[in-house]
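Below is one structure, written out as structure tokens, with a few remarks after it.
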Amino acid sequence: MLAEGMETARTFDGHGIWFALLWLLALAALPAHGQTSSAQLTVNLSVQSSISLVFNNNPSVGTAGFCPLTNAGTNNVGLDLGTAAFPGNSYQGCGTYAHIGGASYQVSSAFDVLVTKSNSSSPSYRLAAQISSAPPASVFWLVDNTVLTNTGFTALDAADKYNQAVTKTLQVQVRNNVPSQILQETITFLATAN
Amino acid sequence: MSTWHNTRSRILVAAAFMLTSASMLAQTPTASGTINATLTNKNGIALVFDTDPSGVTLGAAGSSNASLSFGTISAFGPLSPGVTRPSVTAASFTVRSPFDIQVIQGGLTSTSYTLSASLAGPAPTGLSYKVDTVTLTTAAQRIQANGVYDTDVAHNLDLVVSTASPGAGGPAVGTPLTATINFTATAN
């Protein structure tokens, strides 16, 4: 009886070894789903403070003195003041026409300047402007009654607030002896963080 | 006469014996053996980073330990080549660079992989990191469920940067900021 049991156990052990080997082989042959591979990506950067200036149409755009900007909402816009002559009854445009003294006229239009900041603790900014080329004699370009030149930036505001639109009025003053011609300027506005 | 005859016979026999022995000794000796060779072919999977044609040139591209430098970033200023700024809002701006991941496998019957990613540590103040649409944390999150092996798969790495000033919730300014993103590819 004991011998028979031992024989049975020995037989079972032999089968067990073969079974285990087959099992291992089967495991090796099976596709190894769930295998993983890891990798690292190191990301480097440095943040810099910056500010942005855009020109917007004034909420009163469309009424006299508030000409629509082309490409409004960007920092590169167009502004067409129309056609004017010293005799004021011939003005065709969206601006405001007025005589200045007895020998000049002025056409003006207002628009908004919006300066925003990012990653900066600056409380305010200063605003300046410059025209791109010297105007013809007896022609003057102004912003808020300040004459602009092409030799440097002219200060307009010392401490404007960020994220608040500032309304600026562009003026062109022309004396009555200025020959007929197209008057054109590119006016650069410069905002500098305080 | 008889003696001579016997002697001659013995000489002939001896000569024949010697010739036979020489012939036996001249045969080419041979030997044989066998080699029982074994190679265990293991299955494996690897992940490497590659530079995307539209993105920043990676450091150590083609390896599993690469770097991506955004350079100096800002909401409104110029950006490094390969970096774009898809959005700027009052609260934040995003800068982006695509990069490629290639997962290689051998010995698997798997036809695709799952990609997950996590930050090695907390993101710097005012910054969050996104891979494609997933905002990364220190816990692994699935980025892609069915990545294709052996080809570059483009992903976007987005940095969402608060526009707040330093000390008010915004990131440090003018300071190098570094983060490590761990990626894991798992065979499906």
Side-chain angles (χ1 to χ4, degrees), chain A residues 21 24-56 71-77 112-127 160-165 188-194, chain B residues 43-49 58-59 63-77 88 90 93 95 99 101 103 105 107-110 117 120 126-127 129 157 159 161-168 170-188:
Chain A
L21 282 173
L24 285 171
L25 284 170
L27 268 186
L30 277 175
H33 290 294
Q35 278 225 347
T36 63
S37 176
S38 295
Q40 287 189 331
L41 182 66
T42 303
V43 183
N44 304 307
L45 66 126
S46 176
V47 179
Q48 192 174 53
S49 301
S50 60
I51 63 174
S52 163
L53 184 156
V54 297
F55 302 101
N56 289 326
N71 211 25
T74 74
N75 64 350
N76 189 5
V77 300
D112 286 355
V113 175
L114 180 65
V115 176
T116 54
K117 68 172 181 175
S118 175
N119 307 114
S120 170
S121 55
S122 163
S124 62
Y125 66 91
R126 53 189 182 274
L127 188 66
D160 286 334
K161 290 183 177 177
Y162 292 103
N163 301 317
Q164 289 187 9
T188 301
F189 284 74
L190 178 66
T192 305
N194 291 322
Chain B
N43 47 44
I45 182 171
L47 186 161
V48 297
F49 301 101
L58 300 184
S63 78
S64 61
N65 192 3
S67 62
L68 192 160
S69 179
F70 279 87
T72 299
I73 61 171
S74 63
F76 308 113
V88 179
F93 67 93
V95 291
F99 65 101
I101 284 180
V103 178
Q105 67 89 12
L108 300 176
T109 57
S110 162
L127 287 178
Y129 295 75
L157 176 60
L159 298 187
V161 186
S162 167
T163 56
S165 59
V173 172
T175 303
L177 300 174
T178 298
T180 299
I181 303 172
N182 295 321
F183 288 87
T184 300
T186 303
N188 293 326

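Lettering follows sequence order; numbering is per chain, from 1. In this text, all values refer to a predicted model and were calculated from it rather than measured experimentally.
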Next item on the list: Tell me, out of B:Ala120, B:Gly170, B:Gly126, B:Gly174, who's got the most heavy-atom pairs with chain A below 4.5 Å.
Entry: B:Gly174
Check: Pick from B:Ala164, B:Ser162, B:Pro176, B:Gly77: which one has the most heavy-atom pairs with chain A under 4.5 Å?
Finding: B:Ala164
Checklist line | Distance in Å, B:Leu58 CG paired with A:Thr42 OG1, rounded so as to fall on 0.5 Å steps | finding: 11.0 Å
Check: CG of B:Leu177 to CG of A:Asn44: how many Å apart, nearest 0.5 Å?
Finding: 9.5 Å
Considering only heavy atoms from C-beta outward, does the side chain of [X] approach that of [Y] to under 4.5 Å?
| X | Y | answer |
| --- | --- | --- |
| A:Val43 | B:Thr180 | no |
| A:Leu53 | B:Phe76 | no |
| A:Leu41 | B:Ser67 | no |
| A:Leu45 | B:Thr178 | no |

Checklist line | Heavy-atom closest contact (A:Gln35 atom, B:Gly44 atom, distance) | finding: OE1-CA, 3.5 Å
Margin query: Testing the 3.5 Å rule here: is there a donor-acceptor pair between the side chains of A:Thr36 and B:Thr186?
Written below: no
Notebook entry, point to check: Between A:Ser49 and chain B, which part of the residue has a heavy atom less than 4.5 Å away: side chain, backbone, both or neither?
Noted result: both
Item checked: Verdict with reasoning, A:Gln40 to B:Ile181, per side-chain contact (heavy atoms from CB on, under 4.5 Å) -> CA-CA 6 Å; A:Gln40 287 189 331; B:Ile181 303 172; over 6 Å; no
